[in-house]
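Everything numeric here is computed off the predicted structure, so don't read it as measured data.
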Amino acid sequence: MMKYSFKNDYSELAHPDVLAALAAVGDIQFEGYGLDEYTEKAARLIVKKISKPSATVHFIGGGTAANLVTISSVLRPHEAIIAPQSGHISAHETGAIEATGHKVCTVKGENGKLSVAEIEEVLKSHHDEHMVKPKMVFVSQSTEVGSIYSKAELTAISACCRENDLYLHLDGARLGTAMHSPKSDMNYQELADLVDTFYIGGTKNGALCGEAIVICNEDLTTDFRYHLKQKGGLLAKGATLGIQFLALFENQLYERLATNANAMALRLAKGFEKHGYGFLSEPQTNQIFPVLPLAMAEKLSQQYGFYQWQPISDEQMALRFVTSWATRKEVVDEFVEDLSVAK
Ligand SMILES: Cc1ncc(COP(=O)(O)O)c(C=O)c1O
């Protein structure tokens, strides 16, 4: 019998407060295409949160759409974006960025993160009109392997971008768990000051669905709603996204949900450590990667959902466990008990 799935942080429908906010609107009429009062209020709350009155906010249904609309709205036809190999746009978006006509120049990255040296390497090797022109850099916070950029790391990348006339886009599908991680040394305002565009993920932090795209660089705001519409991202019932983000940001719900996901991941990590298991990389947010004997992983998978992530040897496997806003400590504690049984 399957007891619980640690496969991802979007297995639950939505936090009850988000559902209640949607239900409360029920048959009330609103303007279409995100021009309603809820969306406007939610956007204002986000602008306040990042202390950037000049920023603009647009809501969209999912992460791939957020990346592709934002990136393709910024780049001219011959321009490209630099991203780590593990970056979502490089590895998991079905060539969505390339389908808009822009090459993704990938670099190896370390622990899911790009370095300034890697950006400079790409710039050095793209020097004339016979090649694409790198014009944007992609980072994710947290990364696809659960790590987070420190303020110093992101500041260095941002400075490199500004020196080299590159825009910086930050994929925040899991921004909540990154910002509210005990390991984070950055606030929302500091992050917004360092990037040109980013998005705040709702799908993986208590929303039914939806992401909030934030354009910090005023030069990049022109005709954004045209880009949204042309790429199928402008919802007639856009209010459904505004209502959800209003619920998430009105009473620090977003922060509370991310904090729970992180706390449960930490509790789980301690459980693995207690039984003597290590990790592929240091647990920092709500995705953790314990290394277990393969036979034990197979046994545990009869009762729990998780991904086999990367073989370490013939007998050892790194696994991916993800906790969510809804994960309860009782479930984690039961898993840790089962871990000793499966040994
Ligand atoms: C970092 C990151 N970016 C983007 C996405 C894409 O989101 P979606 O599946 O909503 O298109 C995901 C989803 O897994 C993600 O983890």
Side-chain angles (χ1 to χ4, degrees), residues 1-20 22-23 62-63 88 91-92 142-146 173-174 176-177 180-181 201-210 244 248 253-254 256-343:
M1 190 194 67
M2 192 55 71
K3 286 190 180 175
Y4 192 76
S5 173
F6 291 101
K7 276 192 168 171
N8 56 54
D9 37 14
Y10 46 89
S11 300
E12 299 89 5
L13 192 63
H15 187 271
D17 290 359
V18 172
L19 291 175
L22 286 165
H88 213 267
H92 298 291
S142 61
T143 71
E144 286 69 10
V145 293
R174 292 195 174 89
T177 47
H180 302 292
S181 159
T203 305
K204 295 178 169 77
N205 197 30
L208 193 58
C209 63
Q244 294 181 71
L248 287 173
L253 181 61
Y254 194 76
R256 282 185 276 130
L257 298 185
T259 301
N260 181 72
N262 284 334
M264 291 306 104
L266 192 62
R267 197 175 180 97
L268 193 57
K270 286 198 171 135
F272 282 112
E273 273 167 6
K274 192 175 91 180
H275 290 293
Y277 301 109
F279 300 89
L280 188 61
S281 54
E282 185 205 353
Q284 292 192 297
T285 55
N286 67 323
Q287 297 186 84
I288 63 169
F289 299 83
V291 177
L292 260 66
L294 187 53
M296 198 171 149
E298 307 258 324
K299 207 159 157 194
L300 284 167
S301 69
Q302 289 164 14
Q303 290 186 303
Y304 295 96
F306 52 85
Y307 285 109
Q308 293 196 4
W309 187 257
Q310 186 182 308
I312 302 296
S313 68
D314 286 349
E315 283 110 41
Q316 298 281 313
M317 178 66 78
L319 312 170
R320 186 182 88 153
F321 279 72
V322 187
T323 52
S324 86
W325 60 270
T327 307
R328 288 174 299 106
K329 63 179 188 311
E330 292 76 17
V331 159
V332 174
D333 293 348
E334 189 175 349
F335 173 82
V336 174
E337 265 177 43
D338 288 342
L339 196 57
S340 54
V341 178
K343 248 183 180 177

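Between Thr327 and Leu268, the closest side-chain pair of non-hydrogen atoms is not below 4.5 Å. With contacts defined as side-chain heavy-atom distances shorter than 4.5 Å, the pair Pro293/Gln316 qualifies. Side-chain atoms of Leu294 and Gln308, non-hydrogen and from C-beta on, do get closer than 4.5 Å to each other. Residues Gln287 and Thr143 are not in side-chain contact: their nearest non-hydrogen atoms beyond the backbone lie 4.5 Å or more apart. By the 4.5 Å heavy-atom criterion applied to side chains, Met296 and Tyr277 are counted as neighbours. Here the side chains of Phe335 and Leu339 are in contact, with some heavy-atom distance below 4.5 Å. Counting heavy atoms from C-beta outward, Thr323 and Thr177 have side chains that stay 4.5 Å or more apart. At a threshold of 4.5 Å between non-hydrogen side-chain atoms, the residues Val331 and Lys3 do not count as touching.
Residues Ser142 and Gln284 bring no donor and acceptor atom of their side chains to less than 3.5 Å of each other.
Atoms CG and CZ, on Asn262 and Arg174 in that order, are 11.5 Å from each other to the nearest 0.5 Å. Atoms CG and CZ, from Leu248 and Arg256 in turn, are 10.0 Å apart once rounded to the nearest 0.5 Å. How far CZ of Arg328 is from CD of Glu334: 9.5 Å, rounded to the nearest 0.5 Å. Atoms CG and OH, from Leu208 and Tyr10 in turn, are 15.0 Å apart once rounded to the nearest 0.5 Å. Of the inter-residue distances, the one linking Met1 atom CE with Gln303 atom CD reads 7.0 Å to the nearest 0.5 angstrom.
Considering all non-hydrogen atoms of both residues, Ser281 and Phe289 come closest at OG-CD1, 4.3 Å. Heavy-atom minimum distance, Ala265 versus Thr285: CB-O, 3.3 Å. The shortest non-hydrogen separation linking Trp325 to Glu12 is CZ2-CB, 3.7 Å. In terms of heavy atoms, Lys204 sits closest to Ala173 at CB-O, 3.8 Å. Across all their heavy atoms, Arg320 and Trp309 have their closest contact at CD-CZ3, 3.6 Å. Annotation for Gln244 and Ala207: closest pair OE1-CB, 3.3 Å, computed over non-hydrogen atoms.
The environment of CD in Glu315 is sparse: at most 12 heavy-atom neighbours from other residues, nucleotides or ligands sit within 6.0 Å. Heavy atoms of other residues, nucleotides or ligands lying less than 6.0 angstrom from NZ of Lys329 number 12 at most.
Exactly one of Val322, Asn8, Leu300 qualifies for a side chain to side chain contact (heavy atoms under 4.5 Å, CB included) with Phe306. That residue is Leu300. Applying the ring pair (Phe, Tyr, Trp, His ring centres under 6.0 Å) test between Phe321 and each of Tyr307, Tyr4, Tyr304, Phe6 identifies Phe6 as the sole match. Here the options are Asn260, Leu257, Asn286, Asp9, the test is side chain to side chain contact (heavy atoms under 4.5 Å, CB included), and the partner is Asn205; only Leu257 passes.
With hydrogens and angles ignored, the 3.5 Å screen pairs no side-chain donor or acceptor of Ser324 with any backbone N or O of Ala261.
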